[in-house]
Amino acid sequence: MSGWLANVDWSEIGQACLDTLAMLGGSLLLTVLLGLPLGILLFLTSPGQIWQNRAVSGGLALLVNLLRSVPFIILLILMIPLTVLLVGTSLGVAGAIPPLVVGAAPFFARLVETALREVDRNTIEAVQAMGATTRDLVFRALLPEALPGIIAGATVTAIALVSFTAMAGAVGAGGLGDLAIRFGYQRFQTDVMLVTVALLLVLVQLLQMAGDRLVRHFTRR
């Protein structure tokens with residue numbers, strides 16, 4: 001077994017891991033920063049809520065659904081001109097982050113909206129009856145009550161981003177996906193392919209365990 005793994009360039013594997021983590025960390029942060037307010041806005045403008053507006057709600061829903069319906073590998077290619085405009089390149093870690101965010105933020109926004117819909121209506125009405133502003137309603141009632149669901153949604157999104165980073169390797173984004181394609185697929189190095197798959201599985205498992213632990217911590221019993 002050691003002789004078989006001796007063909008693996010561990011320095012390349014290490015750099016690929018760092019690239020994957022950089023893509024995941026950067027894109028997840030931006031996804032949450034963009035997807036959270038988008039999800040809140042989707043909820044607040046939906047029928048029966050305080051900012052209900054059919055035109056705004058319908059427009060946002062259409063935008064989110066359109067972005068979610070585009071396969072990520074196609075989104076990568078479609079966004080190359082915009083990515084170059086934003087970060088100066090469509091390659092490497094920096095070139096992968098814009099399409100990763102555009103692909104994941106609408107998905108996370110829908111999960112946020114779903115978590116907010118699960119907040120007890122009586123809690124919302126009680127806060128409104130006390131004369132709370134929209135800001136108070138969001139930050140003192142909706143987000144605290146929906147926090148476990150939002151964390152669970154962020155965990156699902158992070159795991160989806162891991163698979164997106166692997167696909168981004170097909171267009172030169174770097175990371176474990178790029179390594180698996182260049183060495184595992186194009187050069188028929190099965191050992192490299194198996195190592196990268198194993199590392200991706202470990203990363204997904206760690207993310208799921210961390211997310212589950214945070215959900216249990218913030219769930220009110």
Side-chain angles (χ1 to χ4, degrees), residues 15-43 45-46 56-116 150-186 193 196-197 199-201 203-204 207-208 211:
Q15 184 59 51
C17 287
L18 293 176
D19 288 346
T20 294
L21 292 174
M23 283 189 284
L24 175 62
S27 60
L28 181 60
L29 175 61
L30 292 173
T31 293
V32 171
L33 290 177
L34 293 175
L36 183 61
L38 179 56
I40 294 172
L41 193 57
L42 280 167
F43 173 77
T45 58
S46 61
V56 174
S57 178
L60 289 174
L62 178 62
L63 176 63
V64 166
N65 291 337
L66 286 175
L67 291 174
R68 289 176 60 197
S69 65
V70 179
F72 183 69
I73 192 67
I74 296 176
L75 183 65
L76 276 170
I77 298 169
L78 288 176
M79 281 195 60
I80 286 177
L82 180 60
T83 300
V84 172
L85 182 64
L86 291 174
V87 299
T89 180
S90 63
L91 303 175
V93 173
I97 289 179
L100 285 171
V101 174
V102 171
F107 176 71
F108 179 62
R110 278 300 190 190
L111 295 178
V112 170
E113 182 191 15
T114 300
L116 293 174
I150 292 173
I151 293 173
T155 303
V156 173
T157 304
I159 292 172
L161 280 168
V162 172
S163 66
F164 287 174
T165 63
M167 283 188 279
V171 293
L176 291 169
D178 174 64
L179 201 65
I181 292 169
R182 286 192 295 114
F183 290 89
Y185 177 68
Q186 295 177 349
M193 178 74 78
T196 55
V197 170
L199 290 172
L200 288 170
L201 289 173
L203 178 57
V204 167
L207 288 170
Q208 188 65 62

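The structure presented is a predicted model; accordingly, all values stated were derived computationally and were not measured. We're numbering straight along the sequence, starting at 1.
Heavy atoms only, all atoms of each residue included: Gly211 and Ile151 are closest at O-CG2, 4.1 Å. Smallest separation of non-hydrogen atoms from Thr89 and Ala94: CG2-CB, 4.4 Å. Ser57 and Ser46 make their closest contact through OG-CA, 3.9 Å (heavy atoms, listed as atom of the first residue, atom of the second, distance).
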Only pairs under 3.5 Å count here: list side-chain donor-acceptor contacts from residues 70-87, not counting sequence neighbours, and write none if there are none.
| from | atom 1 | to | atom 2 | distance (Å) |
| --- | --- | --- | --- | --- |
| Thr83 | OG1 | Met79 | O | 2.8 |

For residues 24-43, run the donor-acceptor check on the side chains, cut-off 3.5 Å, and write out each pair with its distance to 0.1 Å, sequence neighbours left out.
| from | atom 1 | to | atom 2 | distance (Å) |
| --- | --- | --- | --- | --- |
| Ser27 | OG | Met23 | O | 2.5 |
| Ser27 | OG | Leu24 | O | 3.3 |
| Thr31 | OG1 | Ser27 | O | 2.6 |

Check residues 107-116 and write down every donor-acceptor pair under 3.5 Å in which the side-chain atom is one partner and the other belongs to a residue at least two apart or another chain.
| from | atom 1 | to | atom 2 | distance (Å) |
| --- | --- | --- | --- | --- |
| Arg110 | NH1 | Glu113 | OE1 | 2.7 |
| Arg110 | NH2 | Asn65 | OD1 | 3.3 |
| Glu113 | OE2 | Arg117 | NE | 3.4 |
| Glu113 | OE2 | Arg117 | NH2 | 2.9 |
| Thr114 | OG1 | Arg110 | O | 2.9 |

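No side-chain heavy atom of Thr165 sits under 4.5 Å from any side-chain heavy atom of Leu176.
Rounded to the nearest 0.5 angstrom, Leu161 CG and Met167 CE are separated by 10.0 Å. To the nearest 0.5 Å, the span separating OG1 on Thr157 from CG on Leu207 amounts to 11.0 Å.
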